[in-house]
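Structure first, then comments.
Please read these numbers as outputs of a predicted model, since none were measured by experiment. Numbers here simply count residues along the sequence, with the first being 1.
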Amino acid sequence: MADLLELRDKIDAIDKEVIRLFEERMEVSRQVADFKIRTGKPVFDQERERAKLHAIKEMAHTPFNATGAEELFQQIMSMSRKLQYQLLTEHGIEEEKTYTMADTLPMKNVRVVFQGVEGAYSYAAMREFFKNGVESFHVRTWKDAMDQIANGRADYGVLPIENSTAGIVADIYDLLVDYDLYIAGEQIIKCEHALLGLPEASMEDIQVVYSHPQALMQCKIFLEEHPQWDTRELGNTAVAARKVMEEKNPAQGAIASKAAAEFFGLKVLKDKIYHNQHNSTRFIIVSSRQVYDARADKISICFELPHKSGTLYNMLSHFIYNGLNMTKIESRPIPGRNWEYRFFIDFEGNLEDSAVKNALRGIRQEASQVRVFGNYRESTKEP
């Protein structure tokens, strides 16, 4: 019986031959790419690959080896496609460009819509991103904001997409799919909740506290210290502050920002009542135009996949092979198609980068549906 060292020597010899054959195959793939470049044929031929994988499985002598051979050659074919996508880019064969890069985003004489009311965190995000000098107005719902942009009544919209404590705002992801709009920027706002009351009120006067459900949850520890208070949910922290101001009842308090207190003329009864000191909300700046900052370094996309094994890995491998750093992945169920999902991905890069072009070319050819939501500058993690 061969000892372990002899077996390892055999494996090394086989591996050396495998590498030689792999490189020979990739050279032939390069020649295939040259032919496709000359003739305009697409890189991805799904029927050809399906037939090839079936034939490879038939060559194997055991069920285990048949499955392994299929997985191995799926990866080899995937690598071959990636080489061909790179060669297309190197030859200057690019997909039609639908966007414009600008030195700065157009922000003069623009109208900005946000959901909620003045004093809300979305209002603070708008002020921070656009500074001063823009005309702004608010609407009741996120969908209303999207409608205003889509109908041309607003140039930009400010919408929350993720909270560091509560997670994603799922409805915003769904709205991005429903509307032909684009992400031109993002702004992270630290959520520094405070207990607000009327100027003449004190902590001892409070009997009921109003706020958004997430704000109440983020201040749960503080509220548990006052079990005698009744907590009631409203659609927005600033709406809660406005309610206290309008009803002028010293027994009412609101959990909102200090900016809301200043805007509505309320008093901060207790500052920093949240238990997560790093609680922040990320807002996206949405536009109907594909005009991006030339310094953009973050891209958001979504795609749909066939409901088959390995398809998600194949998509993600485009980021790996092109050296792109994926910063976020989320999935949402596709309405009307049980157990099928749409994937949302954020990754670092600029649409003008060759690595990004290679990755998107591969994803577009191999996914069922693809949307590039936008290219924008990443906001600071800790405002």
Side-chain angles (χ1 to χ4, degrees), residues 112-132 136-142 144-145 158-167 169 187-283 382-383:
V112 183
V113 61
F114 63 96
Q115 182 270 337
V117 298
E118 286 76 4
Y121 285 108
S122 55
Y123 177 76
M126 180 201 69
R127 292 288 300 272
E128 183 66 26
F129 188 86
F130 291 97
K131 308 306 180 187
N132 297 316
S136 66
F137 64 101
H138 63 261
V139 291
R140 189 176 62 86
T141 68
W142 297 320
D144 291 340
V158 180
L159 299 166
I161 195 166
E162 179 184 11
N163 178 268
S164 59
T165 300
V169 184
Q187 183 65 52
I188 295 177
I189 293 292
K190 196 166 185 179
C191 300
E192 298 183 307
H193 301 313
L195 178 66
L196 313 183
L198 293 175
E200 66 274 17
S202 66
M203 289 269 288
E204 289 71 26
D205 295 320
I206 300 301
Q207 297 178 18
V208 58
V209 176
Y210 297 95
S211 196
H212 186 276
Q214 286 186 6
L216 293 172
M217 181 267 292
Q218 291 158 6
C219 300
K220 181 180 178 182
I221 294 176
F222 170 76
L223 292 171
E224 287 176 347
E225 296 172 358
H226 303 275
Q228 72 276 18
W229 292 350
D230 184 18
T231 57
R232 298 180 188 175
E233 298 179 355
L234 290 176
N236 189 284
T237 56
V239 169
R242 185 176 65 183
K243 178 181 178 65
V244 172
M245 180 272 292
E246 290 177 344
E247 297 188 3
K248 301 188 184 308
N249 183 347
Q252 293 180 347
I255 292 178
S257 67
K258 287 191 289 184
E262 181 179 348
F263 188 87
F264 291 109
L266 299 176
K267 181 169 70 174
V268 175
L269 302 178
K270 182 71 173 178
D271 194 12
K272 297 183 179 180
I273 61 174
Y274 46 92
H275 52 267
N276 182 355
Q277 299 301 310
H278 302 286
N279 180 33
S280 300
T281 297
R282 182 165 71 96
F283 293 84
E382 290 294 337

Is any side-chain heavy atom of D230 less than 4.5 Å from a side-chain heavy atom of Y210? no

Does the side chain of V113 come within less than 4.5 Å of H138's, by heavy atoms? no

I'd like to check the ring pair (Phe, Tyr, Trp, His ring centres under 6.0 Å) partners of Y123; sequence neighbours left out, ordered by chain and number. F114

Expected output: side-chain W229 to main-chain I206 donor-acceptor under 3.5 Å: yes

Testing the basics here: between [X] and [Y], what is the closest heavy-atom pair and its distance to 0.1 Å?
X: G119; Y: A238; result: C-CB, 3.6 Å
X: A125; Y: V158; result: CB-CG1, 4.0 Å
X: L159; Y: A145; result: CD2-CB, 3.9 Å
X: A241; Y: L266; result: O-CD1, 3.4 Å
X: Q252; Y: V244; result: O-CG1, 3.7 Å
X: K190; Y: Y121; result: O-CE2, 4.0 Å

Can you tell me how far [atom2] of [Y] sits from [atom1] of [X], rounded to the nearest 0.5 angstrom?
X: N236; Y: S122; atom1: CG; atom2: OG; answer: 6.0 Å
X: F283; Y: Q115; atom1: CZ; atom2: CD; answer: 9.0 Å
X: I189; Y: T281; atom1: CD1; atom2: OG1; answer: 9.0 Å
X: E192; Y: I273; atom1: CD; atom2: CD1; answer: 12.0 Å
X: H275; Y: Q277; atom1: NE2; atom2: CD; answer: 10.0 Å

Can you name the residues that form a side chain to side chain donor-acceptor pair (under 3.5 Å) with D144, not counting sequence neighbours? T141

List in chain and number order the residues that pass salt bridge (charged side-chain N to carboxylate O under 4.0 Å, His left out) with K243, two or more places apart in sequence or in another chain; answer none if no residue qualifies. E247

Taking atom NZ of K267 as the centre, does the number of heavy atoms from other residues, nucleotides or ligands within less than 6.0 Å exceed 12? yes

Out of R127, R282, M126, E128, which residue meets the side-chain contact (heavy atoms from CB on, under 4.5 Å) rule with Q187? E128

Show me, pair by pair, the donor-acceptor contacts under 3.5 angstrom made by side chains of residues 211-226, not counting sequence neighbours?
from: S211; atom 1: OG; to: I255; atom 2: O; distance (Å): 2.7
from: H212; atom 1: ND1; to: Q214; atom 2: N; distance (Å): 3.0
from: Q218; atom 1: OE1; to: H193; atom 2: NE2; distance (Å): 2.7
from: Q218; atom 1: OE1; to: N279; atom 2: ND2; distance (Å): 2.9
from: Q218; atom 1: NE2; to: N163; atom 2: OD1; distance (Å): 3.3

Assess the residue pair V169 and W142 against the criterion (side-chain contact (heavy atoms from CB on, under 4.5 Å)); give the C-alpha distance rounded to whole Å, side-chain angles, the decisive distance to 0.1 Å, and a yes or no. CA-CA 11 Å; V169 184; W142 297 320; 3.4 Å; yes

Using the side-chain hydrogen bond (donor to acceptor under 3.5 Å, both in side chains) rule, collect all pairs that involve residues 254-264, keeping only residues at least two apart or in two chains. K258-D271

Please walk me through it: do V268 and L196 pass side-chain contact (heavy atoms from CB on, under 4.5 Å)? CA-CA 5 Å; V268 175; L196 313 183; 3.9 Å; yes

Can you list every salt bridge (Lys or Arg N to Asp or Glu O under 4.0 Å) pair that touches residues 194-210, not counting sequence neighbours? none

